[in-house]
Amino acid sequence: MAYNILVVDDSSPMRMVIRKTIEISGFSVGEYFDAANGLGALEILENNWVDLVVTDYNMPEMNGLELIEEMKKNELFSAIPIVVITTEGSEQMVKQFIEKGAAGYIQKPFTPEDIREKLNDIIGDTKNGLGSTEGSDEDLDF
Amino acid sequence: MGWEALKEATKTSISDVLETMFFLPLELSESKGGGGLSQTPKDQLMGVGLKFSGPMSGEVVILLPIKLARSLTADFLGQENAGVGTSEMEGTVKELVNMITGKALSLFDEGAIFKLGIPEAAEPAEPIDGFFSEDDNAFTLLFNAIEHQLALRITIGS
């Protein structure tokens, strides 16, 4: 099964790198979406099926924590797992991310292995092409 | 304030970020002052700064040759040098200083919450030698990176 992923980061180069790193890690990506902040992310979520959100914390207009809060308030999005990828490393901030509902956290800088391990924990086993597009997918009408 | 601890955290952070995400090994330069970087014409240099606040506040500025910025961006994005545009370079160096600062501060004080500002272009003041001076509130680290050098200056209380 391929997963639709939304990457949220105010840095365009970082969005590209996160996307490539997820792909290199072996995770099966269906559709890919990106946004520069939480507001843009919510707009994408309103109009597209997303299986996983990967978000930065420090962004203008709506930061990652605020995005998590908004997603958890909306029953359409509340079950979508959210991974925070950020430079923030303090225990207090990590605790806040998790308390608000993030499923996982990765600190920058990161390697493809960091991404793979975290996504494995959250979504499932991505090794050996499990989660690839081969085989039948359930079509979900949206 | 733990000046030496902050320097060590910064050195570790720069090496970690550049090796992990940019595949660029660094070596701390033993040159006095700005080494070759201070001789580089200003129009061939790129500077990016970021302010931070929290238990302590300050500013981090990175200074590097544009050629190195282009090469870093190409490696970061998995592109050829020739395909790298100015906005991609600027965006990459901004993300670089963001990651270095965040990692350095979290290594320096794991329990503290620091707020990082938005990285912005920064021009070193003339004469450039001032960028490499050390005083009670600021230090600069100079690194050798293959054919180039890059410098990172931290000023506390700015």
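Only this structure's heavy atoms are used, side chains among them; waters, hydrogens and symmetry mates stay out. Residue numbering restarts at 1 for every chain, and letters A, B, ... go by the order of the sequence lines. Bear in mind the structure is a predicted one, so any value in this text is a computation, not a measurement.
Listed by sequence position, B:Asp16, B:Val17, B:Thr20, B:Met21 are the residues of residues 16-29 of chain B in contact with chain A, using a 4.5 angstrom heavy-atom cutoff. Among residues 91-107 of chain B, the residues having any heavy atom closer than 4.5 Å to a heavy atom of chain A are, in sequence order, B:Gly91, B:Thr92, B:Glu95, B:Asn98, B:Met99, B:Gly102, B:Lys103, B:Ser106. Contact annotation for residues 107-115 of chain A against chain B (heavy-atom separation below 4.5 Å, listed by residue number): A:Gln107, A:Lys108, A:Pro109, A:Phe110, A:Thr111.
Using cut-offs of 30° and 60° on the angle between ring planes, the pair A:Tyr105 and A:Phe97 is parallel.
Although no hydrogens or angles enter the test, the distance criterion places no donor-acceptor pair under 3.5 Å between the side chain of B:Glu80 and the main chain of B:Ala74. Remark: the backbone N or O of B:Gly36 is paired with a side-chain donor or acceptor of B:Gln149 at under 3.5 angstrom. A distance-only check finds a donor-acceptor pair linking the side chain of B:Thr12 to the backbone of B:Glu8 [under 3.5 Å].
Salt-bridge check for A:Lys73 with A:Glu70: passed, with a basic side-chain N closer than 4.0 Å to an acidic carboxylate O. With respect to the salt-bridge test (charged N to carboxylate O, under 4.0 angstrom), the residues A:Glu23 and A:Arg19 qualify.
Taking the side chain as every heavy atom from C-beta outward, A:Leu42 and A:Met62 approach each other to under 4.5 Å. Proximity of A:Ile5 to A:Ile22: side-chain heavy atoms (C-beta onward) are separated by under 4.5 Å at one or more points.
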Run the side chain to side chain contact (heavy atoms under 4.5 Å, CB included) check on B:Leu141 and B:Thr10 step by step: do they pass? CA-CA 9 Å; B:Leu141 298 172; B:Thr10 307; 3.8 Å; yes

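The closest side-chain donor-acceptor pair between A:Ser25 and A:Arg116, if any, does not fall under 3.5 angstrom.
A search for side-chain hydrogen bond (donor to acceptor under 3.5 Å, both in side chains) contacts involving B:Lys7 returns B:Glu134, not counting sequence neighbours.
Heavy atoms closer than 4.5 Å to chain A are found nowhere in B:Glu90, neither backbone nor side chain.
Of the residues considered (B:Ile113, B:Asp109, B:Leu116, B:Thr73), B:Ile113 shows the highest number of contacts with chain A, using heavy-atom pairs under 4.5 Å.
Hydrophobic clustering places A:Ile123 together with A:Tyr32 (ILVMFWY residues linked when any side-chain heavy atoms are closer than 4.5 Å, directly or through intermediates).
In plain terms, the two heavy atoms of B:Ala151 and B:Leu142 that are nearest each other are CB-CD1, 4.0 Å.
Residue A:Ile80 forms a side chain to side chain contact (heavy atoms under 4.5 Å, CB included) with just one option from A:Asn4, A:Leu45, A:Leu6, and that option is A:Leu45.
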